[in-house]
Amino acid sequence: MYQTTKRPDSPVSIIGAGIAGAWHALLFAQAGHAVTLHERGDEAMTDSTSHWAGGMLAPYCEAEVAEPIISRLGLRSLDIWRRELPDTPFNGSLVVAHPRERNDFERFARMTEDHRRLDAAGLAELEPSLEGRFRDALFFPAEGHVEPRRVLPKLHERIRAAGGTIKFCSDVSANDLDGIVIDCRGISARDEQSELRGVKGEMILIETREVQLARPVRLIHPRWPLYVIPRENGLFMLGATSIEAEDTGVSVRSALELLGAAYTVHPAFGEARIVEFGSGLRPAFPDNLPRIGIRDSRISVNGLYRHGFLLAPVLAELTLAYVHRGQIDNEVMQCL
């Protein structure tokens, strides 16, 4: 435990209005700080990684491949989402598999907790569109999801309502700003954090009225899990690849695999209209774990990897606890 010399009412500047920066701005503004959130892009946020995210709030499912710290932090984040945005959908999530991936399905069940196994009838009752499609499923009732392109503007509105200021098209550096500065730039912060790398996550947005889902469906896949995430107005997001590359766009191979896998979830997806292809670069450190770096009044929050929407609220809470009480979470924070 370290003690901070920062005043609890110090002005705070946050760089980056994506999901990490937005949550920091909201919690600090609510705590009484004079907050200014700087974003180099415009209000549409199309250049932000958050714009291309799935918005999964799935700490139990992520336990299959992620370190225990992701589950620990993620579970706390669910509480913050519920508290601050009580209309966040927490309808749970489903994991399914075809017979040829049966071994991987059972491994997923062993590696994760807080799920309920559904038989075919139970799955059909929960998601009628999937009737007859799979012989069983894993249901994670405590998990949720958000639509990034809707929830980010909502967070920005909450920041303003709490007294914060948001400046779009504001390309600033920490050296330009006084007081406490929190750097949430993601991959753009590589000018100061050379260990960062970009991991490309590709997505496809499709539209159909022939399938209705109330929650994300994760299909066990030989290369990556396919997410079918319901959006409003008949839209579904298909994702999400994790490719060690820093180019933009969606490859033909990825598109074929995502669309083909979606078709095996439900044949009606084969007749769906493709609305959009896109990709974002997830910022990751070598260990794929988040990091809060502290150097006096300069704080960096980065490395959220594929867990941005899951981890952003709790990382903001930890940063606020440091500024107010000098509290250090040794698994996440580093004093530089």
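Everything quoted here is computed from the prediction, not taken from an experiment.
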Are the side chains of [Y] and [X] in contact, using a 4.5 Å heavy-atom criterion?
| X | Y | answer |
| --- | --- | --- |
| P267 | R133 | yes |
| I299 | I292 | yes |
| I15 | V172 | yes |
| L205 | R273 | no |
| R215 | F139 | yes |
| I166 | E39 | no |
| C184 | I182 | yes |
| N302 | Q193 | yes |

> Is there a side-chain hydrogen bond (donor to acceptor under 3.5 Å, both in side chains) between R291 and S300 once you walk through the steps?
Replying inline: CA-CA 8 Å; R291 186 181 306 166; S300 61; over 6 Å; no

Regarding [X] and [Y], is there a side-chain donor-to-acceptor distance under 3.5 Å anywhere?
| X | Y | value |
| --- | --- | --- |
| S93 | E143 | yes |
| E202 | T241 | yes |
| S188 | R40 | yes |

How about [atom1] on [X], more than 12 heavy atoms from neighbouring residues, nucleotides or ligands closer than 6.0 Å, or not?
| X | atom1 | answer |
| --- | --- | --- |
| R102 | CZ | yes |
| E131 | CD | no |
| D178 | CG | no |
| E207 | CD | yes |
| E106 | CD | yes |

Compare every heavy atom of [Y] with every heavy atom of [X], then report the nearest pair and how far apart it is.
| X | Y | answer |
| --- | --- | --- |
| A97 | L219 | CA-CD1, 4.1 Å |
| H33 | S10 | ND1-O, 2.5 Å |
| L37 | A22 | CD2-CA, 4.4 Å |
| V199 | A284 | CG2-CB, 4.1 Å |
| L315 | P290 | CD1-CB, 4.0 Å |
| M45 | A17 | CE-O, 3.3 Å |

> Which of parallel (below 30°), tilted (30 to 60°) and perpendicular (above 60°) describes F28 and H324?
Replying inline: perpendicular

>> If you apply the rule salt bridge (charged side-chain N to carboxylate O under 4.0 Å, His left out), what do you find for D183 with R298, and how did you get there?
In response: CA-CA 8 Å; D183 186 344; R298 299 295 188 259; over 6 Å; no

> Between H156 and F168, is a ring-ring contact (aromatic ring centres under 6.0 Å, His included) present by the stated rule, with each step listed?
Replying inline: CA-CA 11 Å; H156 293 161; F168 291 101; 5.8 Å; yes

>> Membership question, hydrophobic clusters at under 4.5 Å side-chain separation (ILVMFWY): are V228 and V96 in the same one?
In response: yes

>> Is there a continuous path of hydrophobic side-chain contacts, each under 4.5 Å between heavy atoms, that joins L226 to M203?
In response: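 Not linked; separate clusters.
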
>> For F269, run the side-chain contact (heavy atoms from CB on, under 4.5 Å) check against T264, V211, L259 and tell me which one passes.
In response: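 For F269, the side-chain contact (heavy atoms from CB on, under 4.5 Å) check succeeds only for V211.
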
>> Please determine whether salt bridge (charged side-chain N to carboxylate O under 4.0 Å, His left out) holds for the pair D191 and R185, giving the CA-CA distance in whole Å, both sets of side-chain angles, and the decisive distance to 0.1 Å.
In response: CA-CA 10 Å; D191 57 349; R185 290 180 293 152; 3.0 Å; yes

> Should E246 and R197 be marked as a salt bridge (charged side-chain N to carboxylate O under 4.0 Å, His left out) after you check the CA-CA gap, both sets of side-chain angles, and the distance that decides it?
Replying inline: CA-CA 8 Å; E246 296 193 4; R197 75 188 196 284; over 6 Å; no

> Is there any salt bridge (charged side-chain N to carboxylate O under 4.0 Å, His left out) pair reaching into residues 48-70, and which pairs are they, with sequence neighbours excluded?
Replying inline: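 For residues 48-70, and leaving out neighbouring residues, the salt bridge (charged side-chain N to carboxylate O under 4.0 Å, His left out) pairs sorted by first residue read E62-R218, E62-R306, E64-R107.
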
> Under 6.0 Å between ring centres, would you say that holds for F134 and H266?
Replying inline: no

>> Can you list everything that forms a ring pair (Phe, Tyr, Trp, His ring centres under 6.0 Å) with H307? Sequence neighbours excluded, please.
In response: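 Here the qualifying residues are Y305.
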
N/O donor-acceptor pairs under 3.5 Å from side chains in residues 75-85, not counting sequence neighbours:
{"unit_1": "R76", "atom_1": "NE", "unit_2": "E317", "atom_2": "OE1", "d": "2.9"}
{"unit_1": "R76", "atom_1": "NE", "unit_2": "E317", "atom_2": "OE2", "d": "3.3"}
{"unit_1": "R76", "atom_1": "NH2", "unit_2": "E317", "atom_2": "OE2", "d": "2.6"}
{"unit_1": "S77", "atom_1": "OG", "unit_2": "L310", "atom_2": "O", "d": "2.7"}
{"unit_1": "S77", "atom_1": "OG", "unit_2": "V314", "atom_2": "N", "d": "3.1"}
{"unit_1": "W81", "atom_1": "NE1", "unit_2": "F309", "atom_2": "O", "d": "3.0"}
{"unit_1": "R82", "atom_1": "NH2", "unit_2": "A142", "atom_2": "O", "d": "3.3"}
{"unit_1": "E84", "atom_1": "OE1", "unit_2": "Q30", "atom_2": "NE2", "d": "2.9"}
{"unit_1": "E84", "atom_1": "OE1", "unit_2": "R158", "atom_2": "NH2", "d": "2.8"}

>> D87 vs K154, test: salt bridge (charged side-chain N to carboxylate O under 4.0 Å, His left out). Steps then yes/no.
In response: CA-CA 11 Å; D87 59 344; K154 190 177 297 185; 3.0 Å; yes

